[in-house]
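Just below is one structure, and these are the notes that go with it.
Only this structure's heavy atoms are used, side chains among them; waters, hydrogens and symmetry mates stay out. Throughout, residue positions are numbered sequentially from 1 according to the sequence presented.
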Amino acid sequence: ALDLLDRLQAEPGTILGVATGKGYQGAITLLERHGIVGRFNSIQTPDHNRGKPDPQMIETAMARVGADRHQTVMIGDTIHDMRMARAAGVGGIGVSWGYHTTPELVREGASALVDRFDDLDPTIARLLE
């Protein structure tokens with residue numbers, strides 16, 4: 001995951017954000033524990049937004065960094081992530097190593113599926129073309 005974050009941050013124009021169902025302080029604590037909190041330009045939680053699958057967290061993150069829908073993808077491991085991406089009008093990339101199965105992720109709107117971190121870079125690029 002750290003290699004992926006390094007690669008994404010090296011891409012010109014790439015801005016990283018978090019949209020999580022965790023509370024803000026819990027999200028910050030978790031990201032700090034892993035030493036990655038500073039990698040994200042926006043951390044959105046239900047403390048200041050409506051919860052998933054409402055698109056407000058993505059919309060707030062996009063507004064804060066000046067991104068449009070066609071410039072944004074949501075990477076997630078739950079049907080709630082895919083529903084939120086669909087509601088926000090952004091590409092949703094479902095990852096197979098999370099809480100819900102790949103058929104569930106597809107059914108709920110995943111634009112693409114990946115099985116490995118190394119597959120995320122080209123999938124993101126493809127969805128943003």
Side-chain angles (χ1 to χ4, degrees):
L2 291 175
D3 289 342
L4 172 66
L5 289 174
D6 289 342
R7 290 191 308 268
L8 291 174
Q9 286 186 298
E11 286 291 320
T14 297
I15 301 169
L16 301 176
V18 173
T20 180
K22 291 175 180 53
Y24 183 78
Q25 191 54 54
I28 294 296
T29 299
L30 181 63
L31 295 169
E32 284 176 340
R33 184 176 310 141
H34 291 287
I36 60 174
V37 70
R39 293 178 178 255
F40 300 99
N41 297 76
S42 178
I43 299 170
Q44 300 302 316
T45 73
D47 289 0
H48 302 103
N49 298 278
R50 291 181 297 275
K52 297 175 187 180
D54 189 284
Q56 187 179 24
M57 283 192 269
I58 292 176
E59 293 167 347
T60 300
M62 289 188 306
R64 292 236 168 108
V65 301
D68 293 324
R69 285 167 173 49
H70 71 278
Q71 299 170 303
T72 303
V73 296
M74 171 70 183
I75 301 167
D77 64 347
T78 72
I79 60 173
H80 311 294
D81 297 326
M82 297 306 104
R83 288 175 181 166
M84 182 172 63
R86 186 176 63 214
V90 304
I93 301 174
V95 298
S96 64
W97 57 84
Y99 288 100
H100 291 117
T101 66
T102 54
E104 290 173 310
L105 296 171
V106 169
R107 184 184 72 233
E108 298 302 330
S111 306
L113 295 168
V114 297
D115 295 317
R116 304 173 321 127
F117 277 106
D118 288 343
D119 296 333
L120 279 166
D121 310 60
T123 304
I124 292 167
R126 182 173 52 82
L127 288 181
L128 294 179
E129 285 179 345

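The two residues Ala110 and Gly94 make their nearest non-hydrogen contact at CB-N, 4.2 Å. Between Asp115 and Ser96, the closest heavy-atom pair is OD1-OG, 2.8 Å. In terms of heavy-atom proximity, Met84 sits nearest to Ala19 at CE-CB, 3.9 Å. Residue Met74 comes nearest to Ala85 through the heavy atom pair CB-CB, 3.8 Å, listed as atom of the first residue, atom of the second, then distance.
Tested against Asn41 for a side chain to side chain contact (heavy atoms under 4.5 Å, CB included), the candidates Val65, Thr14, Val18 yield a single pass: Val65. Screening Val114, Leu4, Ile124 against Ile75 for a side chain to side chain contact (heavy atoms under 4.5 Å, CB included) leaves a single residue, Ile124.
Without hydrogens or angle criteria, His100 side chain to Leu105 main chain gives no donor-acceptor distance under 3.5 Å. Side chain of Thr45 to main chain of Thr20: no donor-acceptor pair is present (N/O by atom type, distance under 3.5 Å, no hydrogens or angles). Distance alone, capped at 3.5 Å, places no donor-acceptor pair between the Glu11 side chain and the Leu8 backbone. Judged by distance alone, the side chain of Asp81 and the main-chain N or O of Thr78 form a donor-acceptor pair under 3.5 Å. Proximity of a side-chain donor or acceptor of Gln56 to a complementary backbone N or O of Arg50 within less than 3.5 Å is detected.
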With a 3.5 Å cut-off and sequence neighbours excluded, list the donor-acceptor pairs that the side chains of residues 31-40 form with protein atoms.
from  : atom 1 : to   : atom 2 : distance (Å)
Arg39 : NH1    : Asp6 : OD1    : 2.9
Arg39 : NH1    : Gln9 : OE1    : 2.8
Arg39 : NH2    : Asp6 : OD1    : 2.9

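If you check the side chains of Gln44 and Ser42, you find a donor sitting under 3.5 Å from an acceptor.
A single hydrophobic cluster is seen to contain both Leu5 and Ile93, as judged by linkage of ILVMFWY side chains at heavy-atom distances under 4.5 Å, directly or through other members. One hydrophobic cluster, built from ILVMFWY side chains closer than 4.5 Å, holds both Leu128 and Leu16.
Ion pairing between a basic and an acidic side chain is recognised when a charged N comes within 4.0 Å of a carboxylate O; Arg69 and Glu59 show such pairing.
Enclosure of atom CZ in Arg107 by more than 12 non-hydrogen atoms of other residues, nucleotides or ligands within 6.0 angstrom is indicated.
For the atom pair OG1 (Thr101) and CG (Asp77), the distance works out to 11.5 Å, reported to the nearest 0.5 Å. From Leu127, atom CG reaches atom NE2 of His70 across 13.5 Å, with rounding to the nearest 0.5 Å.
Here the side chains of Pro46 and Lys52 are not in contact, with every heavy-atom distance at 4.5 Å or above.
When the salt bridge (Lys or Arg N to Asp or Glu O under 4.0 Å) test is applied to Asp47, no partner is found at least two apart in sequence or on another chain.
Between Trp97 and Phe117, the angle of the ring planes lies from 30° to 60°, which puts this pair in the tilted group.
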